[in-house]
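This report refers to the structure that appears directly beneath it.
Each chain gets a letter, A, B and so on, in the order the sequences are listed, and its residues count up from 1. Just so you know, these numbers use all the heavy atoms, side chains as well, and skip hydrogens, waters and symmetry mates. Since we're looking at a predicted model, the values are computed, not measured.
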Number of protein chains: 2
Amino acid sequence: MTRSSTETALALYLRRLSGRSPLGDEERAALLATPGFATLIDVERDFVRVGEPVHHACLIIHGLVARFAQTRNGDRGIVAIHIPGDMADLHSVVAPQVTWALHALTPTRILRIPHEALRELARRYPSIAAAFSRDCAVDASILAHWNANLGRKNALARIAHLFAEMHVRYQLIGERSGGFPFPITQVDLADAVGLTPVHLNRMLKRLADEGVAVKNPDSVRILDEQRLIRLGQFDPAYIQPGRR
Amino acid sequence: MTRSSTETALALYLRRLSGRSPLGDEERAALLATPGFATLIDVERDFVRVGEPVHHACLIIHGLVARFAQTRNGDRGIVAIHIPGDMADLHSVVAPQVTWALHALTPTRILRIPHEALRELARRYPSIAAAFSRDCAVDASILAHWNANLGRKNALARIAHLFAEMHVRYQLIGERSGGFPFPITQVDLADAVGLTPVHLNRMLKRLADEGVAVKNPDSVRILDEQRLIRLGQFDPAYIQPGRR
DNA sequence: CGCATATTTGATAGATTTCAATTTATGTGG
DNA sequence: CCACATAAATTGAAATCTATCAAATATGCG
């Protein structure tokens with residue numbers, strides 16, 4: 001609700017967008033002036049539900065969010081993880097009948113931005129429209145790579161790939177330490193990489209024992225980035241189109 | 001190159017778009033008049049490669065196309081399958097440095113449509129721009145559901161889900177028989193569902209033995225649609241937002 | 001301190017891969 | 001139309017990975 005957190009969140013998002021889509025001063029100013037209201041979401045709460053038409057996109061200010069695909073019988077699976085600076089459901093602007101749920105993995109602060117405001121921005125500034133589209137394209141690209149991971153890599157490689165990806169994504173919003181905040185439970189993490197919590201636990205231990213990376217309750221510390229990248233066969237190109 | 005096949009392909013695409021995004025007569029006419037040149041792609045050939053900037057989007061006229069995610073070391077995995085009427089890389093209009101390859105699983109005829117023509121259409125007709133965005137959103141939605149499938153379902157359910165999904169998608173372009181054309185090799189199919197060809201083969205046999213569905217060399221025949229849907233826990237909502 | 005939740009460990013069952021070989025389809029030239 | 005070469009599909013047996021089940025230990029929190 002505070003003005004400052006709104007600005008911070010938009011600035012974070014702007015930074016991410018700018019990395020891929022250069023924007024002029026006018027566009028930057030317009031984006032930063034976008035209206036929205038901040039909301040605090042309790043942990044373990046769905047704040048976007050399947051089937052309900054939505055009229056706002058959710059920009060994550062603080063916390064950690066999971067996107068769940070849901071089958072008719074109620075089974076759910078994490079298909080994406082969102083961090084601060086992510087517009088978690090930009091797609092919903094054009095497809096308001098969302099086909100997935102958004103769920104707070106930790107207490108989370110989001111900025112709800114009216115679809116109409118985003119449409120107006122896109123209408124007025126073609127370069128912002130392009131940046132939005134590109135953001136959706138990157139989202140799709142990440143989903144596609146997760147497909148490849150889940151379908152073809154073993155447990156250790158999947159975890160390594162996820163850690164490597166999250167690391168790069170946190171770097172894009174300014175994280176500079178040898179790791180990244182990751183306050184996710186092992187049960188949820190297991191869900192995200194398509195493993196049993198038990199097996200995930202064992203693989204995490206192995207990752208730590210071998211000096212590659214350590215999962216702490218609230219973060220991941222990367223001990224040997226090169227080995228992590230090799231293990232997960234990670235190539236950051238799909239997150240930053242145009243760079244390598 | 002022939003005028004007729006160009007028109008057919010665009011009409012097919014228009015039909016798919018219209019199912020989700022009502023378009024006016026003017027928009028429909030403009031879309032059908034989009035320029036493009038048809039090309040015949042040999043089987044097993046990449047016609048879009050990772051890294052190369054592209055300036056055309058590929059509308060599939062006839063045949064079957066796989067989208068491959070590619071890791072740095074050359075490993076590839078099918079992350080999506082495209083059928084006639086699909087614009088396989090609409091994303092590339094805003095992200096010309098593609099992060100996946102397009103590969104012809106069978107001899108395939110595509111229509112290459114200049115990005116510029118698509119941008120012009122979107123510029124002039126906001127409802128077409130929205131339809132394009134929605135098409136991308138559905139693509140992302142399909143990717144997300146595949147994530148859930150690959151991560152959490154067993155071999156049989158994954159195959160059933162894919163068959164159910166392909167069936168619905170073929171119905172959207174007018175297929176009315178109790179099945180759909182699917183001239184894909186078992187090796188490629190195994191790749192798409194993240195299984196070994198050997199295991200896929202066994203599961204296909206089981207699917208047939210139990211009277212659910214039969215994979216023939218060029219098609220899939222669905223024997224018991226209800227059971228197929230139940231097995232794969234398939235919910236078509238994510239392919240047709242707004243309908244159920 | 002004590003409860004509730006999260007993590008860790010052990011033992012076993014089950015699904016899937018791997019390796020190796022065989023059969024069946026498909027296409028081509030004579 | 002047949003013989004051959006090639007690719008695709010199928011089968012079997014063993015190894016491996018991951019899930020499942022059940023219990024113990026840590027950890028955070030009021």
Rounded to whole Å, the CZ-P distance (Arg206(B) to dT11(D)) equals 14 Å
Atom-to-atom span, NZ of Lys215(B) to C1' of dA8(D) - whole angstrom:
11 Å
May I ask you to test the Arg112(A)-Phe47(A) pair for a side-chain heavy-atom distance under 4.5 Å?
yes
Look only at the side chain of Asp86(B) and the backbone of Ile83(B), and say whether a donor-acceptor pair between them is shorter than 3.5 Å.
yes
Using whole Å, report how far NE2 of His199(A) lies from C1' of dT20(D).
13 Å
Please determine whether a side-chain nitrogen or oxygen atom of Asn201(A) lies at a distance below 4.0 Å from atom OP1 or OP2 of dT8(C).
yes
For Leu10(A) and Ile113(A): C-alpha separation, side-chain torsions, deciding distance, then whether side chain to side chain contact (heavy atoms under 4.5 Å, CB included) applies.
CA-CA 10 Å; Leu10(A) 285 167; Ile113(A) 304 176; 4.1 Å; yes
Would you say Lys205(B) reaches dT11(D)'s phosphate, i.e. side-chain N/O to OP1/OP2 under 4.0 Å?
yes
Return the value, rounded to whole Å, for the distance between atom CG of Asp188(A) and atom C1' of dA6(C).
11 Å
For Leu105(B) and dA8(D), give me the distance from atom CG to atom C1', rounded to whole Å.
15 Å
Any chance CZ of Arg76(B) has more than 12 other-residue heavy atoms, nucleotides or ligands included, within less than 6.0 Å?
yes
Does dA9(D) have OP1 or OP2 under 4.0 Å away from a side-chain N or O of Thr185(B)?
yes
From the list dA8(D), dT16(C), dT18(D), which nucleotide is the closest neighbour of the side chain of Glu44(B)?
dA8(D)
Students often get this wrong, so: under 4.0 angstrom with heavy atoms, is Thr196(A) touching a base, only sugar-phosphate, or nothing?
base
From CG of Asp191(A) across to P of dA19(D) the rounded distance in Å is 12 Å
Both Val198(A) and Leu195(B) contact DNA chain C. Which one's nearest nucleotide lies toward the 5' end?
Val198(A)
Looking only at side chains, do Glu225(B) and His167(B) share a donor and an acceptor under 3.5 Å apart?
yes
Rounding to an integer number of Å, can you tell me how far Met203(A) CE sits from dT16(D) P?
15 Å
Let me know the distance between CZ of Arg202(B) and P of dG14(C), rounded to the nearest Å.
18 Å
